[in-house]
Amino acid sequence: MYLFVLLLLVPTTLALWPNPRNVTFGTSSVILSPTFWIHWASTTPAPPDMTAAISRTMAQLYTDNLQRLVVGRANADLQALAYAAELPMLHLEIIGNSEIKSIMAEATCELEYRDESYTLSVPADGTAAMIQANTTLGLFRGLTTFSQLWYSTGGVASTFPYYSFFPGASMIYTIQAPVSVMDTPAYPYRGLLLDTSRNFFPVADIYRTLDAMSDVKINMFHWHITDSQSFPLTVAALPELSQYGAYSAAQTYSLQDVQDIINYAGGRGVDVMMEIDTPGHTASIYESHPEYVACWNFEPWSTYANEPPSGQLRFAVPEVLNFTQQMFASVLSTLPGTLFSTGGDELNINCYVNDTLTQEALSASGQNLSEALSTYVLGTHDTVRASGKTPAVWEEMLLVQNISLGSDTIILVWISSDDALAVADKGYKMVHGPSDYFYLDCGAGEWLGNDTDGNSWCDPFKTWQKAYSFDPLQNLTESQYNLVMGGQQLLWTEQSGSENVDPIVWPRAAASAEVFWTGANGPDGLPRNSSEALARLHDVRYRMVARGINAINLQPEWCALRPGECNLV
């Protein structure tokens, strides 16, 4: 019994996610003072989104009401809290002489120039804590880490700083002070793709997803907003696209919706890379512009498309390039970020072989289909660059269609992790999102009808452990390492909607957040490993649930309270 009590008092590793690049901690307990506050230390007023972030952090500290995941929960810590020091405040300080910008402005600048670094110190002696950073974005990342340090003794959680030793009251505490963190991401792109075209997602679902992304320092929302099945995006210059191409008038994203989502994301340190996939995956455009779409709804659809309905833009027709450029220019003018995806995956050549308008256009131009595709893609990329943004494409444009893309183009690797080397050999920057590691929709069975025994094409289910095992530099030479911008997990939504988006994404997608923030080694210098990570990921999941995210359990709670005891032996 005496040994059991001692074990309860031994602190476990800080449950931070993603793991900081460098962190040290002690064994002392600290309680938030009844008058704890977060102090903006600069003489320049805090930008409004920084002020809002401070307010959200204060609310999270007193409403998470999360008890530590140990046997006995908060009761295991009460003895250690009896004589704990009180933390009076947290100072936020911008260092250096750079202009103080909003979190959104810092989060939407070019990838290579985003500064998310910060230092954090939480003393054990009752003196103030401190976060220092070069930017408001760095301070925000530090606040995210700070909010993960704290637990509640339970009882009645208060929305205002208050505690006492009377039964029913809550104390907010940590047991591992002093804490010292020096942190910066290993890769600038840490993303999540959400497809809102196969099935429509209300704005509230996207907000909630952005909240969870921000909590684990995912900084890129890859918004796959249109596809063959529906065109829910309102385009100011071409309103007929969503008017006829959306599932219904209620299932569209208005101009205001898009701006609201962008602003919501930016205030949480998340940039939005919108994708309008062309020239494939565009059957929904037929509803408003049938003259631009070849092989619409041809049967059998599998001959002409990877998914029903078939239908692709007649890219060889000059008017189609003009139309696409007009569409892109209208949308690009509303996007503050610097990345935009023009798609380019799964182009079906059969669609054009017997298409009269395509063949007439090729004859008139003297081009073959490959040359016409190059003219089209490079023309759309000119429009992207004219808006001050960098184009991104799926890997086929480079590896299958062999288009001579501009050297600034970012390649999105999705078919296989083995394809990264071919992209690097051609000298292009890349974002990892291979289906063999990062597809969240795999393993749910076949979604096509009349296929009783069918499986999803990317089976099996991709566990968080599988994603966590990914090496972003595998197969690459050292001279190619700088081409890796980061990576993302992806949810294609043939079988997803409001009802299951939280549990199918979370906490699994947090795995790649740590892969691309922390890098190959943890703060202890040892390689990342899932056994060490599991206890922290449990904590992430429980904290997400406390914040309104319906994240799925990873194990029975018995295992979550006893790290390592449910390992396979």
Side-chain angles (χ1 to χ4, degrees), residues 12-20 69 148 186-187 190-193 212-213 215-218 413-414 416-418 420 432-445 455-475 484 486-492 496 500-545 549-569:
T12 56
T13 305
L14 281 173
L16 302 179
W17 198 284
N19 234 337
L69 294 177
Q148 295 177 341
Y187 298 95
R190 306 173 307 280
L192 174 69
L193 177 146
M213 291 168 60
D215 286 344
V216 292
K217 301 185 176 73
I218 292 177
V413 177
W414 74 273
S416 169
S417 56
D418 292 336
H432 289 294
S435 60
D436 47 334
Y437 283 88
F438 290 143
Y439 269 36
L440 295 167
D441 52 304
C442 304
N455 294 317
S456 62
W457 73 271
C458 57
D459 271 0
F461 180 90
K462 301 301 182 285
T463 65
W464 76 266
Q465 293 98 323
K466 178 69 174 178
Y468 195 73
S469 72
F470 183 72
D471 176 6
L473 304 178
Q474 64 189 22
N475 302 325
V484 178
Q488 61 186 359
Q489 285 181 262
L490 307 91
L491 180 60
W492 303 105
S496 294
N500 73 334
V501 63
D502 288 8
I504 202 170
V505 173
W506 306 112
R508 274 197 296 163
S512 61
E514 182 154 295
V515 168
F516 296 108
W517 178 282
T518 308
N521 299 319
D524 57 5
L526 299 176
R528 281 183 287 104
N529 74 86
S530 59
S531 293
E532 180 279 329
L534 180 55
R536 292 184 293 108
L537 193 57
H538 273 305
D539 204 85
V540 171
R541 182 264 166 188
Y542 278 77
R543 200 174 291 276
M544 282 185 170
V545 171
I549 309 298
N550 190 27
I552 201 168
N553 281 293
L554 297 170
Q555 291 179 314
E557 188 165 325
W558 190 94
C559 304
L561 301 179
R562 296 166 176 83
E565 292 195 31
C566 293
N567 288 355
L568 183 65
V569 293

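Computed from a predicted model, the values in this text were never measured in an experiment.
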**Asked** Looking at side-chain heavy atoms only, is the closest gap between Val501 and Ser496 below 4.5 Å?
**Response** no
Given Glu532 and Arg528, is the salt bridge (charged side-chain N to carboxylate O under 4.0 Å, His left out) satisfied, shown in steps? CA-CA 8 Å; Glu532 180 279 329; Arg528 281 183 287 104; over 6 Å; no
Checklist entry - Do Glu565 and Cys559 come close enough that some side-chain heavy atom pair is under 4.5 Å? => result no
Worked verdict on Ile504 versus Leu491 for side-chain contact (heavy atoms from CB on, under 4.5 Å): CA-CA 8 Å; Ile504 202 170; Leu491 180 60; 3.6 Å; yes
When every non-hydrogen atom of Gln555 is compared with those of Cys566, the smallest separation belongs to NE2-CB, 3.7 Å
Q) Below 4.5 Å, heavy atoms only, C-beta onward: do Leu537 and Arg541 meet side chain to side chain? A) no
The reported gap from OH in Tyr439 to CH2 in Trp492 (rounded to nearest 0.5 angstrom) is 5.5 Å
Does the Lys462 side chain pair with the main chain of Pro460, one donor and one acceptor, at a distance under 3.5 Å? yes
### Query
How about Arg536 and Val540: do any of their side-chain heavy atoms sit closer than 4.5 Å?
no
Donor-acceptor contact present, side-chain Ser417 to main-chain Pro434, <3.5 Å: no
Between the CG atom in Asp539 and the CG atom in Leu16, the distance rounded to the nearest 0.5 Å is 8.5 Å
### Task
Decide side-chain contact (heavy atoms from CB on, under 4.5 Å) for Tyr542 and Leu69; before the verdict, give the C-alpha distance in whole Å, the side-chain angles of both, and the deciding distance to 0.1 Å.
CA-CA 9 Å; Tyr542 278 77; Leu69 294 177; 3.8 Å; yes
Tightest non-hydrogen contact, residues Ala509 and Leu192, listed as CB-CD1, 4.3 Å
dist Asp441:CG -> Phe461:CZ (nearest 0.5 Å) comes out at 10.5 Å
**Report entry** Derivation of the salt bridge (charged side-chain N to carboxylate O under 4.0 Å, His left out) call for Lys217 and Glu514
**Finding:** CA-CA 9 Å; Lys217 301 185 176 73; Glu514 182 154 295; over 6 Å; no
Please check this pair: side chain of Asn455 against backbone of Gly445, looking for a donor-acceptor N/O pair closer than 3.5 Å. no
Check: Checking Asp436 side chain against Ser416 main chain: does a donor-acceptor pair fall under 3.5 Å?
Finding: no
To the nearest 0.5 Å, atom OH of Tyr437 lies from atom OG of Ser512 at 13.5 Å
Strictly distance-based, threshold 3.5 Å: is any side-chain N or O of His432 a donor or acceptor partner for the main-chain N or O of Pro472? yes
Here the pair of heavy atoms bringing Ser435 nearest to Cys442 is O-SG, 4.3 Å
**Aromatic plane relationship, Trp17 with Tyr468 - under 30° parallel, 30 to 60° tilted, over 60° perpendicular** = tilted
Taking every heavy atom of Ala510 against every heavy atom of Val216, the minimum-distance pair comes out as CB-CG1, 4.1 Å
Asn550 side chain reached by Val545 side chain, heavy atoms, under 4.5 Å: no
- Task: Would you indicate whether the side-chain heavy atoms of Leu534 and Trp464 approach each other to under 4.5 Å?
- Result: yes
Of all heavy-atom pairs linking His538 and Leu554, the shortest is CE1-CB, 3.8 Å
Between Thr518 (side chain only) and Pro18 (backbone N and O only), is there a donor and an acceptor less than 3.5 Å apart? no
Please check: side-chain N/O of Arg508 versus main-chain N/O of Thr463, any donor-acceptor pairing under 3.5 Å? no
Please check this pair: side chain of Gln489 against backbone of Leu193, looking for a donor-acceptor N/O pair closer than 3.5 Å. no
d(Cys458 SG, Phe438 CZ) to nearest 0.5 Å is 14.0 Å
d(Lys466 NZ, Ser530 OG) to nearest 0.5 Å is 12.0 Å
